[in-house]
Amino acid sequence: MLTDDRDIAFKRRLVSTLNQLEGDWEYKEAAALVKPILAEYQASSWYLLDSDMMAELAISTHRHIYISGPRRLSPIETKDYLVTFLMQPNPISKDVISYLQIADMILLFQKQPEPLLKITLAKFKILVDRLTYEEKKLMIQLTRKYPVFVRACLGLVLAEVNQPLLSAKLLQTLSPHTLNRYKQKCIIPAANQP
């Protein structure tokens, strides 16, 4: 992982700024401090993950900030918080950031323990169902560059929200063995659906 001087300066500035936060702070408060730093660094290349979407999906943001961008950077950890950098495999532009964030959410919730994962998946299914057909098609296009779990999860959820053609387009990017491995993890039992 190559890190240039700008990356180092950016991370130092983040640490310095976030160390100013004292006590129990909310994600939005920290995000308000981080956004200007991102704007100075490379605004069009990096974005913060949406705190409202994370709350909707029951993903914890307590003392944790998620930033997605074109390179993998090591996490920053200090006494009060953790900043995690997700690598975004797609070109980043303002018109697709909200859709990239949806795909990024899958990266985050795949690490949740089983009971919480099922709750998050049920909520994720509702979020995906609210998307228009064109937005779902865009999600398929964007997630093709994501890791296997993201493609499997979105494909299986699309099947559950009665989008079999869209689901098939995404699931065909996976081997049968890989798909079977993730089916158990990504399918929401009827009892867990809201």
request  = Before giving the answer on side-chain contact (heavy atoms from CB on, under 4.5 Å), spell out for Phe124 and Ile102 the whole-Å C-alpha distance, their side-chain angles and the decisive distance to 0.1 Å.
outcome  = CA-CA 9 Å; Phe124 182 71; Ile102 294 170; 3.6 Å; yes
message = Please determine whether residues Tyr47 and Met87 belong to a single hydrophobic cluster, defined as Ile, Leu, Val, Met, Phe, Trp and Tyr linked transitively by side-chain heavy-atom distances below 4.5 Å.
response = no
All N/O donor-acceptor pairs, side-chain side in residues 145-158, below 3.5 Å, sequence neighbours left out:
{"unit_1": "Tyr146", "atom_1": "OH", "unit_2": "Gln88", "atom_2": "OE1", "d": "3.3"}
{"unit_1": "Tyr146", "atom_1": "OH", "unit_2": "Gln88", "atom_2": "NE2", "d": "2.6"}
{"unit_1": "Tyr146", "atom_1": "OH", "unit_2": "Leu100", "atom_2": "O", "d": "3.4"}
{"unit_1": "Tyr146", "atom_1": "OH", "unit_2": "Asp104", "atom_2": "OD1", "d": "2.7"}
{"unit_1": "Arg151", "atom_1": "NE", "unit_2": "Tyr146", "atom_2": "O", "d": "3.1"}
{"unit_1": "Arg151", "atom_1": "NH1", "unit_2": "Thr173", "atom_2": "O", "d": "3.3"}
{"unit_1": "Arg151", "atom_1": "NH1", "unit_2": "Thr173", "atom_2": "OG1", "d": "3.1"}

query = Hey, are the side chains of Ile126 and Asp129 touching, using non-hydrogen atoms and a 4.5 Å cut-off?
reply = no
query = Are Val15 and Val83 co-members of a hydrophobic cluster defined by side-chain heavy atoms under 4.5 Å apart?
reply = yes
task = For the pair Lys125 and Leu121, evaluate side-chain contact (heavy atoms from CB on, under 4.5 Å) and give the outcome as yes or no after the intermediate values.
result = CA-CA 6 Å; Lys125 179 179 170 185; Leu121 277 168; over 6 Å; no
task = Please name the pair of heavy atoms, one in Pro70 and one in Ser45, separated by the smallest distance, quoted to 0.1 Å.
result = CD-O, 2.9 Å
query = In the single-linkage hydrophobic clustering (I, L, V, M, F, W, Y; side-chain heavy atoms under 4.5 Å), do Tyr133 and Val96 co-cluster?
reply = yes
inquiry  = With a 6.0 Å cut-off (strictly less than), is the heavy-atom count around CZ of Arg144, excluding the residue itself, greater than 12?
reply    = yes
ask   = From Met139 CE over to Leu170 CG, what is the distance, rounded to the nearest 0.5 angstrom?
value = 9.0 Å
request  = Take Ile65 and Ile76 through the test side-chain contact (heavy atoms from CB on, under 4.5 Å) and record every step on the way to the result.
outcome  = CA-CA 10 Å; Ile65 296 172; Ile76 300 171; over 6 Å; no
request  = For Asp52 and Lys28, run side-chain contact (heavy atoms from CB on, under 4.5 Å): C-alpha distance rounded to whole Å, both residues' side-chain angles, the deciding distance at 0.1 Å, then the answer.
outcome  = CA-CA 9 Å; Asp52 292 333; Lys28 287 184 179 184; 2.9 Å; yes
request  = Write down the atom of Ile140, the atom of Leu166, and the distance for their closest heavy-atom approach.
outcome  = CD1-O, 3.2 Å
ask   = Is there a donor in the side chain of Thr84 and an acceptor in the side chain of Tyr66, or the other way round, less than 3.5 Å apart?
value = no
message = If we check side-chain contact (heavy atoms from CB on, under 4.5 Å) with Leu138, which of these qualifies: Gln141, Glu134, Glu135?
response = Gln141
key: Spatial distance of atom CE (Met53) from atom OG (Ser98) [nearest 0.5 Å]   = 6.5 Å
By side-chain contact (heavy atoms from CB on, under 4.5 Å) - contacts of Thr17 (at least two apart) = Arg13, Leu33, Ile37
Test item: Gln163 side-chain N/O and Lys136 main-chain N/O as donor-acceptor pair under 3.5 Å = no
CD1 on Ile106 to OG1 on Thr120, rounded to 0.5 Å = 11.5 Å
remark   = So OG of Ser51 and CD of Glu56: to nearest 0.5 Å the spacing works out to 11.5 Å
